[in-house]
Amino acid sequence: MPPLPRELRKILEDAVVKARGDAEQAAAAALVTIGLEDERPHASLSQDERTLRLALRAKLRQLGSLEALIAEIAYQHWHRMLFARFLIENKVLIHPEFGVAVSSEELADLAKEQGEPDPWVLAADFASKMLPAIFRVGDPELALPFAPEGRQAQEQRLAGLPREVFTAEDALGWVYQFWQSERKKQVNASETKIGAAELPAVTQLFTEDYMVRFLLENSLGAWWAARHPDSSLLDGFAYLRYTDEGAPAAGSFDGWPQTVAEVTVMDPCCGSGHFLTAAFEMLAAMRMEEEGLDAERAGDAVIAANLFGLELDPRCTQIAAFALALAAWKHGGYRELPGPNIACSGTPVKGQLEEWKRLAEGDERLENAFVALHEQFRNAPELGSLIDPRRATDEGHLFEVDFDEVAPLLAKLLEREHDPEVQVAGWAATGIAEAAALLARTYTLVATNVPYLHRQKQAETLRTFLGRTYQDASAELATTGRDRVSRPSRRSASN
């Protein structure tokens with residue numbers, strides 16, 4: 001499908017910028033209604049509302065400020081509707097009982113039949129069953145109800161967007177950049193030092209399609225061309241460059257694996273997933289040709305074993321996972337997908353250590369793992385993928401338990417635990433364990449558009465860390481990122 005035309009970009013940007021304002025205003029009003037900052041819950045609150053209030057207060061402690069919580073709630077409510085429309089317009093919003101795609105008109109009729117005043121709530125319910133790793137059931141931000149006028153303002157913004165926006169190849173990528181447009185202007189105008197609160201808005205720039213494809217075709221594509229010079233796929237690599245002798249100009253990458261199944265591609269600053277979705281298309285086509293797989297099995301295999309992503313901002317992580325799922329369904333039709341290997345490397349852990357220890361329920365090994373994770377990720381919102389768990393000890397081992405043990409243990413604990421505050425902490429701990437596991441691995445190809453931020457603009461925590469850990473590259477965040485991904489592993493890691 002073609003990229004988003006310039007005139008539609010402007011329409012999308014206008015809608016997203018205004019939707020953020022609408023949603024943040026509605027979120028702030030809803031938090032007042034539920035009495036979030038009051039010392040005690042209102043007597044008029046139901047038990048469900050009291051439970052929700054507890055969960056939101058736990059989320060407030062995790063994020064560190066009311067402003068951050070309002071922004072998170074606003075993001076979740078708008079993007080729940082936005083993602084649902086992406087699914088509808090691409091004919092992959094699937095009814096969980098009948099297994100058929102649902103149109104917007106059918107969605108409205110179904111909502112009316114079920115007594116649900118907001119069809120987008122029903123759409124999110126359908127989507128949560130399709131993508132449980134992205135639309136998390138029980139998420140307190142989404143459970144907070146907006147007043148009708150706040151919800152209707154967003155619905156009108158969404159309805160005003162042309163269908164072509166949702167079928168363009170790169171529309172999801174532009175969505176997040178537009179969401180941050182006003183925030184970026186505010187930060188730049190303030191001339192403040194850039195720290196955790198400012199980094200996503202200032203450093204997140206959407207990488208346009210031709211840039212992504214040029215880089216991937218002259219790395220992954222060149223590797224393929226050197227091993228499969230007669231492949232029909234080469235005709236589709238418009239940016240692949242050759243020498244006068246007909247060899248890939250970038251080289252043959254002799255140190256890489258011999259088969260596609262062994263190749264691993266990581267984007268450590270994955271943003272909204274543009275490198276991941278482009279690499280998905282290439283890798284799936286390669287596995288189909290090399291292994292004789294059909295589109296469905298090839299796509300599933302790529303998601304499960306070939307593609308990996310990390311991102312500082314959890315909102316980008318969600319968009320990237322959604323974009324990858326959408327690409328897979330366009331490629332091989334709708335089906336249940338493997339969980340994507342995409343994690344947030346910037347999850348904050350403010351004031352959560354004791355809550356994490358509670359999750360261990362006396363398991364000393366698991367508790368020690370939580371303590372180690374907490375120490376490594378105290379400054380994660382600023383450091384993100386610069387964190388290297390392999391550097392923690394001389395032996396290169398951070399935990400007494402393997403990374404792969406942590407998440408399943410947490411899942412078992414959460415099945416038994418119904419405390420909403422513990423659930424919020426558990427979600428954060430699980431995500432951080434997943435990020436730590438990906439940060440500790442090595443990969444065949446690391447492809448990304450690194451964030452740029454000169455030392456003079458960096459806040460103290462970031463500047464100090466870079467000067468101590470990446471001395472020779474610390475003058476610019478971009479060169480630090482390059483240094484991080486090019487360092488050899490201090491221990492072997494499977495690709």
Side-chain angles (χ1 to χ4, degrees), residues 1-30 70-93 103-105 107-108 111 117-124 127 134-135 141-142 144 146-188 200-202 204-209 271-274 277 313 315-316 318-320 322-323 326:
M1 294 183 181
L4 192 66
R6 189 172 297 276
E7 61 272 17
L8 287 184
R9 282 189 208 171
K10 180 58 182 171
I11 292 172
L12 178 60
E13 180 175 19
D14 183 64
V16 171
V17 168
K18 290 177 179 175
R20 178 168 185 171
D22 294 339
E24 289 186 347
Q25 185 176 358
I70 289 171
E72 183 67 17
I73 292 169
Y75 167 86
Q76 294 285 7
H77 276 259
W78 166 251
H79 284 78
R80 170 174 64 179
M81 298 195 309
L82 193 73
F83 287 178
R85 186 157 176 208
F86 268 101
L87 293 174
I88 288 170
E89 300 298 355
N90 287 280
K91 297 180 172 56
V92 285
L93 181 66
S103 68
S104 55
E105 293 79 10
L107 184 69
D118 186 354
W120 298 109
V121 172
L122 185 61
I134 300 174
F135 297 94
E141 294 101 312
L142 285 176
L144 180 69
F146 282 3
E149 58 271 20
R151 188 179 69 244
Q152 289 163 7
Q154 292 182 90
E155 290 172 353
Q156 289 169 4
R157 304 280 183 212
L158 188 62
L161 290 171
R163 179 181 182 276
E164 290 78 11
V165 166
F166 301 94
T167 56
E169 183 177 3
D170 57 351
L172 272 168
W174 289 111
V175 160
Y176 184 74
Q177 182 159 320
F178 296 154
W179 181 260
Q180 294 283 28
S181 293
E182 292 302 309
R183 174 62 176 155
K184 183 176 181 178
K185 291 177 184 177
Q186 293 169 5
V187 173
N188 288 337
V202 172
Q204 285 285 3
L205 292 175
F206 179 63
T207 311
E208 295 202 45
D209 193 64
S272 49
H274 201 172
T277 55
D313 189 336
R315 292 166 291 191
C316 277
Q318 185 189 56
I319 295 176
F322 180 77
L326 197 56

Exercise for review: Keeping the roles fixed (side chain from Asp313, backbone from Arg315), state whether a donor-acceptor pair exists under 3.5 Å.
Suggested key: yes
Point to revise | Under 3.5 Å donor-acceptor, Arg163 side chain and Glu89 backbone | key: yes
Does [X] have any salt bridge (charged side-chain N to carboxylate O under 4.0 Å, His left out) partners at least two apart in sequence or in another chain, and if so, which?
{"X": "Arg6", "result": "none"}
{"X": "Lys10", "result": "none"}
{"X": "Glu208", "result": "Arg9"}
{"X": "Arg183", "result": "none"}

Using every non-hydrogen atom in the two residues, find where [X] and [Y] come nearest and quote the distance to one decimal.
{"X": "Leu144", "Y": "Ala27", "result": "CD2-O, 4.3 Å"}
{"X": "Leu8", "Y": "Glu164", "result": "CD1-CB, 3.7 Å"}
{"X": "Val165", "Y": "Phe86", "result": "O-CE2, 4.2 Å"}
{"X": "Ile88", "Y": "Ser104", "result": "CG2-N, 3.7 Å"}
{"X": "Ala123", "Y": "Leu93", "result": "O-CD1, 3.9 Å"}
{"X": "Leu122", "Y": "Ala111", "result": "CD2-N, 3.6 Å"}

Practice item. Anything under 30° is parallel, anything over 60° is perpendicular, the rest tilted; go ahead and classify Trp174 against Phe178. Key: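 Parallel, since the angle between the ring planes stays under 30°.
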Quick check for you: to the nearest 0.5 Å, what is the distance between [X] atom [atom1] and [Y] atom [atom2]?
{"X": "Leu142", "Y": "Glu72", "atom1": "CG", "atom2": "CD", "result": "9.0 Å"}
{"X": "Tyr75", "Y": "Ile319", "atom1": "OH", "atom2": "CD1", "result": "3.5 Å"}
{"X": "Leu326", "Y": "Leu172", "atom1": "CG", "atom2": "CG", "result": "6.5 Å"}
{"X": "Gln156", "Y": "Gln154", "atom1": "CD", "atom2": "CD", "result": "10.5 Å"}

Using residues 11-24 as the side-chain source, report each donor-acceptor pair under 3.5 Å to any protein atom, sequence neighbours left out, with the distance given to one decimal.
residue: Glu13; atom: OE2; partner: Ser181; partner atom: OG; Å: 3.4
residue: Asp14; atom: OD1; partner: Lys18; partner atom: NZ; Å: 3.4
residue: Asp14; atom: OD2; partner: Lys18; partner atom: NZ; Å: 3.3
residue: Arg20; atom: NE; partner: Glu24; partner atom: OE2; Å: 2.8
residue: Arg20; atom: NH1; partner: Trp179; partner atom: O; Å: 2.9
residue: Arg20; atom: NH1; partner: Gln180; partner atom: OE1; Å: 3.2
residue: Arg20; atom: NH2; partner: Glu24; partner atom: OE2; Å: 3.3
residue: Asp22; atom: OD2; partner: Arg157; partner atom: NE; Å: 2.9
residue: Asp22; atom: OD2; partner: Arg157; partner atom: NH2; Å: 3.4

Qualifying residues under side chain to side chain donor-acceptor pair (under 3.5 Å), relative to [X], sequence neighbours excluded:
{"X": "Gln186", "value": "none"}
{"X": "His274", "value": "Asp209"}
{"X": "Gln177", "value": "none"}

Exercise for review: In sequence, state the C-alpha distance, the side-chain angles, and the governing distance for His79 and Val175, and then conclude on side chain to side chain contact (heavy atoms under 4.5 Å, CB included).
Suggested key: CA-CA 9 Å; His79 284 78; Val175 160; 3.5 Å; yes
Review point. Of all residues at least two apart in sequence or in a different chain, which pass the side chain to side chain contact (heavy atoms under 4.5 Å, CB included) check with Ala26?
Key: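 Partners of Ala26 under the side chain to side chain contact (heavy atoms under 4.5 Å, CB included) test: Phe146.
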Exercise for review: Report the residues that fulfil side chain to side chain contact (heavy atoms under 4.5 Å, CB included) with Glu155, sequence neighbours left out, ordered by chain and then residue number.
Suggested key: Met81, Asp118, Trp120, Arg151, Gln152
